Amino acid sequence: MQPIRNYAIRAITRYNPESRAKATQHAMSEMKTWTFISGGMMVAVAAAVVANFTGASHESHEEKPQLAYMRQRKVQFPWECNDCTLFDSECKKKFRESQQ
């Protein structure tokens, strides 16, 4: 459908210089409009990135209490402290202190 439309526009503007000037003027105004919109979107994205990295919408990180059902172990972990997960450094530190 697009090639037929382009052919029709070319056929109209080929023999009528006045409509060619109008089409060119319209194209230039649309280009300016979309350039302005694109610039605004770039500024908005940059502002969102800066706000994200500066912590403008930072939530508090309060520690939640460990509930009993969250630490059920059906199979023990294969390292020295069977109750600590792999990346739980606080639990491992408490385990080492209790061993000494």
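Here the structure is a predicted model, which means the values were calculated and not measured. Computed over heavy atoms, backbone and side chain alike; hydrogens, waters and symmetry mates excluded.
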Side-chain (Lys92) to main-chain (Leu86) donor-acceptor, under 3.5 angstrom: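 Yes.
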Return yes if some donor-acceptor pair links the side-chain N/O of Ser38 with the main-chain N/O of Thr35 below 3.5 Å, else return no.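 Side chain of Ser38 to backbone of Thr35, a donor-acceptor pair under 3.5 Å: no, none is there.
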Does Gln99 CD have over 12 foreign heavy atoms under 6.0 Å away?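 Counting other residues, nucleotides and ligands, CD of Gln99 exceeds 12 neighbours.
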Within this structure, what is the CE-NZ distance for the pair Met28 and Lys32, rounded to the nearest 0.5 Å?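 With rounding to 0.5 Å, CE (Met28) is 5.5 Å from NZ (Lys32).
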Atom SG of Cys81 and atom NZ of Lys93: how far apart are they, to the nearest 0.5 Å?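 Here the rounded value is 14.0 Å.
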All disulfide (SG to SG under 2.5 Å) counterparts of Cys91, not counting sequence neighbours: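 Residues passing disulfide (SG to SG under 2.5 Å) with Cys91: Cys84.
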For Trp79, check ring pair (Phe, Tyr, Trp, His ring centres under 6.0 Å) against everything at least two apart and list the hits.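 If we apply the ring pair (Phe, Tyr, Trp, His ring centres under 6.0 Å) test to Trp79, skipping adjacent residues, the hits are Phe77.
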